[in-house]
Amino acid sequence: MNQRIVMVGGGFAGVKCARTLRKLLPKADYDIVLFNRENHMVFHPLLAEVASAAVRPEDVGAPLRQLLQGIQCRTEEVTNVDFENKQISYEAYDGQVRKSSFDQLVLCCGNTVNLSLVPGMDDHAFPLKTIGDALTLQAQIMEQLEKAEVCEEIERKQWYLTFVIVGGGFSGVEIAGEINDLVRHSTKFFQNIRKEDIKVIVVHSRDQLLPEVNESLRQFTKLKMEQSGVTVMLNAKAQAATPEGLLLADGNFLHAGTVVCTIGVTTQPLIERLKVAKKNSRLVTQPDMSLPDYPFVWALGDCAAIVNALDGTLSPTVAQFAERQGVQAAKNLAARLKGKPTKPFHFKMQGQLCAIGGRSAVAEILGVQVSGILAWFMWRSIYLMKLPSFAQKAKVGFEWGFDLLFPRTLAHLKADRSKRVGRAYYRPGDFVFKKGDPATEFFVIEKGEIEVVQHGADESLQTVAILTAGDFFGESALMKMTERHHSVRARTELTCMVLGRNVFTQVSTALAPLHEAIATASRRRQGMWHEVPEVRQLLETIPIEKMVEPLPMEPVELTACVEDVVEKMDSTGADMCCIVDSSGHLVGVITRSDLLRALEKSELANPDIDLPVTDLMTANPICMALNEPLAVAVSTMRDHDLKQIPVVESSRKRVPLGRIRIEKIVHHVLVEMMNRRKRQSVIA
Ligand SMILES: Cc1cc2nc3c(=O)[nH]c(=O)nc-3n(C[C@H](O)[C@H](O)[C@H](O)COP(=O)(O)OP(=O)(O)OC[C@H]3O[C@@H](n4cnc5c(N)ncnc54)[C@H](O)[C@@H]3O)c2cc1C
């Protein structure tokens, strides 16, 4: 029976390895099966050119079965490896998990994007790793240009025309250069876009761009990019992305319609699942690229931590190394099958190339430094040669020739954005939408709080309701197909699930109980004060301070256990306990009902276990700030069926000062109303 070699990943490393293996191992004795998520290999160095419409997307994706003849290519995702039984599990074409055995396994599945390290980046920034990413970014750039052309408000126009690129490494510099070229060269086709309104900003956390190249090339890169209109911000760290732009660690906010994130990679889920040694989340290998305890498993490319025998350093995650590892690993694998000795990975980097926009590049090849247009021609020629198939070389060569003579296409193939289901992140104080905005989305709060604000005649803003995790908003205008009647602002850090109008309409129409629940909640929110307007008027005259009572017991720290809370509640007779973090800020609340529920679920039944308060408390509870209207407190308590809520210093500084109880408020209102009526009857 033939020996079976299974490969996972058809990228730079996988393609070189498979091709070399096929040359070294006769088809009659060895089957080679390559699993790859997509049916093509992605040529990443040209993705920036796809985003800027210089190269067509299909020309940077080489179909694997045409590249790898004599190899069985399977477009399926491998989900796990059982090293002991020499089997892989994979998600088959029909969604079922199946198994396949191997004699030799080659893991070369690269890495993946992880934008979640910076809040909001996942929701609002554009990554650049797949052809789909490049196309989405291209569509975004075109859409921003079209919107800027017709936008009459200058600030908004400039917002559409601002592009922030996070990361000043190779991909960041390349995409910044490409976007800058595309947008600036396209202004001549627009009547209302001026070059002065365009901003392309690179945000880089280090003190120089392109840390991989020589000092003089780095300086050349910065100078040249700035000359062509790119703003380079060094020592600047991205702190959060929002729908309005990018917040930096120093507190500066860059207002931008497009944020591209080129930082943040992580290991593939498959690699994460494997219980073998890892370094920086990459698989640790022997010098010959096999795994320490499994000589029949090989790891190469970005997913492997391979020491280069040339200088003892860890191989960088670049295509050049991945390809050389592919060739060397294939030779080692073939040698092992034939009982011959293997060789450690040994490679001298040939050079570095980076296009920086404006038909300019920097290059360091075999120790020689080149910059400017000559380096740019070298960059194009070398990458043209490196494209894996002849068809790709011919097509990209033709497109580049075309690009030298003709302008790039500005066609915008529009995807209906209102169909999407997404997530959004906002900082405290950010508006989710403003009064008068078109109603295009429905929101469900996942984390944090919002305040619904009304605009007074004198431009003042008044909070009329507070909503928290689990609540929804934005439904009223969507259902009535009107513009927004109120503004909604994030009260704390906020993450929402966002449903576009079409999805919302489809789901709420098909699911009758959901439609009814939304409509009822909506009516309840709006109708609350209509029945008793004088109660609202009265509540508006009462400051919250007047209703604040001391907390029934001292707040307890987050590190405490439930037993402490029970003891303290018992000794003080308190019915509510505030939980605070080390800075004294409110992070949770435990009530007597919570304790009762825990007892029912027998979470408190085992006296040997110190249950932490975090297991029981309501995290991020609703609270009111001293300066907020009592009417809002009452409607919030009614909306959430709460009898009492803590009062804190301010919505940002959540130090608990006391509590308000609905019982006391109702008593106060009743007494006041009776007094009013008595006064009115005396006057009458
Ligand atoms: C925008 C960008 C620009 C770049 N520019 C350059 C450059 O100019 N020069 C340079 O040297 N390097 C560049 N790189 C880095 C270079 O692309 C990587 O180092 C190289 O792709 C690594 O090759 P690889 O084979 O390890 O992984 P990849 O090329 O990423 O291939 C991995 C393959 O495995 C597949 N896969 C993953 N998990 C599974 C699974 N569980 N089952 C099945 N298939 C799976 C993936 O779909 C993918 O096709 C760039 C990278 C990016 C993102």
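Counting convention: from 1, in listed order, for ligands and their atoms alike.
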If we ignore hydrogens and angles and just use 3.5 Å, is the side chain of Gln3 paired with the main-chain N or O of Tyr30 as donor and acceptor? no
Measuring from each atom of ligand 1, which residues have a heavy atom under 4.0 Å away? Val8, Gly9, Gly10, Gly11, Phe12, Ala13, Phe35, Asn36, Arg37, Glu38, His44, Pro45, Glu76, Glu77, Val78, Cys108, Cys109, Gly110, Leu128, Lys129, Ser171, Gln268, Leu270, Gly301, Asp302, Thr317, Val318, Ala319, Gln320, Ala322, Tyr383
For Phe12 together with Phe321, are the ring centres under 6.0 Å from each other? no
With distance as the sole test, does Asn36 use its side chain to make a donor-acceptor pair with the main-chain N or O of Gly10 at under 3.5 Å? yes
Pairs in or reaching into residues 265-280: which pass salt bridge (charged side-chain N to carboxylate O under 4.0 Å, His left out), with residues at least two apart or in two chains? none
Considering only residues two or more places apart or on different chains, which pairs with a residue in residues 352-367 satisfy salt bridge (charged side-chain N to carboxylate O under 4.0 Å, His left out)? none
Going by the side chain to side chain donor-acceptor pair (under 3.5 Å) test, which pairs reach into residues 304-317, not counting sequence neighbours? Asp311-Thr313, Ser315-Gln325
